[in-house]
Amino acid sequence: MYLQIVEQITSKVLLGDWPADMALPSIRELAAATQVSVITVKRAYAELEQAGVIVTQAGRGSFVSPHPDLQQQLKQQELAQLLQAAVALARQLQLTDAELAAQLEQQLQQSSAQSSAG
């Protein structure tokens, strides 16, 4: 459950719905709103803070990180995860590195063609 909280908050930051320095709900507020334990929300906030998505200030609460490149960093992390998943799937399919690279190149070409046509 805590992973869902992490993903939802990360997604809101990534999409720009939650801007830098925006105050997050308190751990207790979010626990009550989502009907999960305080420990679950605390774990999610700790993971988000470790990832640099949020900062916590004693006595003030948690806030979206003011890091100027936060959205770019999150997008880079998302891309890395997707590429890792693609490599893992290619290994399951027993594709060679060259075959995987060829498929990626084909997707890039299709994307470029669609971009210039649109």
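Values in this document were obtained by computation on a predicted structure and should not be read as measured data.
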Val41 vs Tyr2 side-chain heavy atoms within contact, under 4.5 Å: no
Show me the donor-acceptor pairs, under 3.5 Å and distance only, between side chains in residues 15-33 and residues at least two apart or in other chains.
from: Ser26; atom 1: OG; to: Glu29; atom 2: N; distance (Å): 3.0
from: Glu29; atom 1: OE1; to: Ser26; atom 2: N; distance (Å): 2.9

Exceeds 12 heavy-atom contacts within 6.0 angstrom, atom CD1 of Ile39: no
Side-chain heavy atoms of Val53 within contact of Ser65, under 4.5 Å: no
CD-CG distance between Gln77 and Leu14, expressed to the nearest 0.5 angstrom: 9.5 Å
Heavy-atom check, side chain of Thr56 versus side chain of Phe63, under 4.5 Å: no
Atom CD of Gln50 with >12 non-hydrogen neighbours under 6.0 angstrom: no
Within one Ile-Leu-Val-Met-Phe-Trp-Tyr cluster: Met1 and Val6, side-chain cutoff 4.5 Å: yes
Euclidean distance, Leu100 CG relative to Leu95 CG, rounded to 0.5 Å: 6.5 Å
Minimum side-chain heavy-atom gap Glu47-Leu3 below 4.5 Å: yes
Pairwise distance CD(Glu7) to CG(Leu48) - rounded to 0.5 angstrom: 10.5 Å
Heavy-atom side-chain contact between Leu83 and Leu79 under 4.5 Å: yes
Residues which pass salt bridge (charged side-chain N to carboxylate O under 4.0 Å, His left out) with Arg91, listed by chain and number, not counting sequence neighbours: Asp97
Side chain Ser112, main chain Leu108, donor-acceptor under 3.5 Å: yes
Greater than 12 external heavy atoms within 6.0 Å of Gln110's CD: yes
Closest approach of Gln94 to Glu99 (non-hydrogen atoms, all atoms of both residues): O-OE1, 4.2 Å
Min side-chain heavy-atom separation Pro66-Val55 under 4.5 Å: yes
Distance in Å, Tyr45 OH paired with Ile9 CD1, rounded so as to fall on 0.5 Å steps: 4.5 Å
Separation of Thr34 OG1 from Gln8 CD (nearest 0.5 Å): 8.5 Å
